[in-house]
Amino acid sequence: MSILRVDGERLWSSLMEMGTFGQTPGGGCRRLALTDEDRQARDRFCSWAKALGCSVTVDRIGNIFARREGTDSRAAPVMIGSHLDTVPTGGKFDGVLGVVSGIEVLRRLDELSIKTKAPVEVAVWTNEEGSRFSPMTLGSSVFAGDYGLEAGLGRTDGDGVTVADALARIGYAGKAPVGGREISAYLELHIEQGPLMKEGGEQIGVVNGSFNARYFVATVTGEPAHVGPTPMDMRRDALVAAAALTLEIDRIGRSRGREGRSNAPHLSLYPNVRGVIPGEVRLSCDVRHSDRTEMLAMEQELRDACVKVASERGVEISLEQYFEFGPIEFDPGMTAMVRETAKALELSHRDILTVAGHDAVPMNTICPTAMIFVPSESGISHNEAEYSTPQQCADGTDVLLNMVSKLAG
Ligand code: GLV
Ligand code: MN
Ligand code: MN
């Protein structure tokens, strides 16, 4: 079969265009899920899809599907997807590459007058980041049946706004049922978000599996009291205890070298005023490891740390798990196809595990799924400095195009 190539310049210019929605002074993006900036990015996606003659469907959790018909409209579609929402300190590539590369694949198929047998769809998933609404990968998880629709619509942001109301406000409360239909294959192109491929010099990451990750909320209950008169020995300060727990969490990850990770990135504090010793803190945290037994050992160390800090600081700490993923094994036939396609394109490649969650994780439970990484040139993500070169983005999209044309027949 002949090798197809995308238009790298057009891909880059569309990536940069998406980056204008919610652009930050340092060249990154702040485009939280279901905000006006997200609406602008969604609208641009829909206008690109319509210009290609695609039908555009929005489902009840706000996922968008641009569909290019195949010659057999009853055949299950091949789907390409990712997300357009970003974290508050986001860049131009995380998620966006997976969506914009999908549009570039459709454009190129049109240009080459390629008629596929199966339809090809490009999906934009709602709230992948979990920054505004928890949990992450919400739209794709509801689509895959891992999370209930009503539960998803009822999730609230920090101001108490529900997903349902936020969708209605930006005009993306769609009517299509969520999921429950056959997808023949799902492909997601993403930046690596870490330094391994940059260090190793490989051009394509064949994502064959994932780390094991468990996410918790630690609720630290102390006693609110006056900041001034309360003697130090009488305090039960929930924030001081949460700080001690944060250091323990950091230690647990560091003790595992590069195969382990631990995070405590989000904290809510009550009553969070200057005059009161904090009475309650909710700390979101997670532990991750490439090896499941080690991840479970890290969880046990986290539980032990909660007991130790609670007794040392005179507070109560309860730990509640709210999310997990892994171990994931992506479909071996699909990973083999990523390898073969990279080889045919003369792109160097390596197998790699994803450490972060992605929409491909829930999708992998309902259809053969492939994730393709391209290097993060800056080695950093969820940061304005996030960067992959035009060539790196085009390389990954070339792999996508050739796989889609093969899978869709
Ligand atoms: C965020 O991307 C995560 O993996 O938790
Ligand atoms: Mn992402
Ligand atoms: Mn992200």
Side-chain angles (χ1 to χ4, degrees), residues 15 18-19 22 24 28-33 37-38 41 63 80-102 122-141 146 186-194 205 207 209-217 249 253 260-266 283-290 295 298 321-328 352-364 369 371-376 378-388 393 396 400:
L15 268 172
M18 269 302 176
T24 53
C29 286
R30 179 192 171 93
R31 199 165 53 237
L32 295 173
E37 294 76 26
D38 189 18
N63 298 320
I80 305 166
S82 201
H83 59 99
L84 292 174
D85 66 319
T86 76
V87 297
T89 57
K92 290 196 176 85
F93 300 87
D94 176 359
V96 188
L97 176 61
V99 170
V100 172
S101 61
V122 181
V124 177
W125 302 112
T126 294
N127 190 60
E128 190 274 349
E129 291 292 1
S131 285
R132 182 173 175 201
F133 302 99
S134 172
M136 63 178 300
T137 60
L138 185 66
S140 51
S141 296
D146 294 346
Y186 177 74
L187 297 122
E188 184 162 350
L189 172 64
H190 208 281
I191 56 167
E192 183 204 334
Q193 306 184 285
V207 186
S210 77
F211 268 47
N212 300 264
R214 274 199 185 164
Y215 296 62
F216 305 88
V217 175
I249 292 168
R261 307 280 193 285
S262 59
N263 307 286
H266 182 256
L283 182 68
S284 299
C285 51
D286 61 85
V287 290
R288 311 182 194 208
H289 203 284
S290 53
M295 187 273 286
M298 292 170 82
Q321 185 187 324
Y322 73 94
F323 193 72
E324 79 175 314
F325 67 82
I328 303 279
I352 191 165
L353 299 176
T354 177
V355 190
H358 293 288
D359 296 306
V361 170
M363 288 306 285
N364 186 54
T369 293
M371 267 211 96
I372 304 155
F373 277 176
V374 290
S376 291
S378 55
I380 187 169
S381 175
H382 286 187
N383 182 297
E384 289 176 305
E386 183 178 281
Y387 187 71
S388 298
C393 294
L400 203 58

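Just so we're clear, the structure is a prediction, and the values are computed from it rather than from any experiment. Atoms within a ligand are numbered from 1 in the order they appear, just like the ligands themselves.
- Nearest protein heavy-atom contact of atom 2 (O) of ligand 1 is M136 CE, 3.7 Å.
- Ligand 1 is never approached by R261 to a heavy-atom distance shorter than 4.0 Å.
- Taking 4.5 Å as the limit, every side-chain heavy atom of S82 sits out of range of all side-chain heavy atoms of E128.
- Between the side chain of T24 and the backbone N or O of G28 there is at least one donor-acceptor pair closer than 3.5 Å.
- Using a distance-only test at 3.5 Å, with no hydrogens or angles considered, a donor-acceptor pair links the side chain of N63 to the main chain of T126.
- Protein-derived N/O/S atoms nearer than 2.8 Å to the Mn ion (ligand 2) total 3, waters excluded.
- Panel note: side chain T86, backbone R31; a donor-acceptor pair is recorded below 3.5 Å.
- Side chains of N127 and H83: no donor on one and acceptor on the other come within 3.5 Å.
- Residue-ligand proximity, Y215 to ligand 1, at heavy-atom distances under 4.0 Å covers atoms 3 (C), 4 (O), 5 (O).
- An N or O contact shorter than 3.5 Å links R288 to ligand 1 by distance.
- S262 places a side-chain N or O within 3.5 Å of a backbone atom of G253 that can act as its donor or acceptor partner.
- Every atom of ligand 1 with a heavy atom of G357 under 4.0 Å away is listed here by number and element: 3 (C), 4 (O).
- Judged by distance alone, the side chain of S378 and the main-chain N or O of A385 form a donor-acceptor pair under 3.5 Å.
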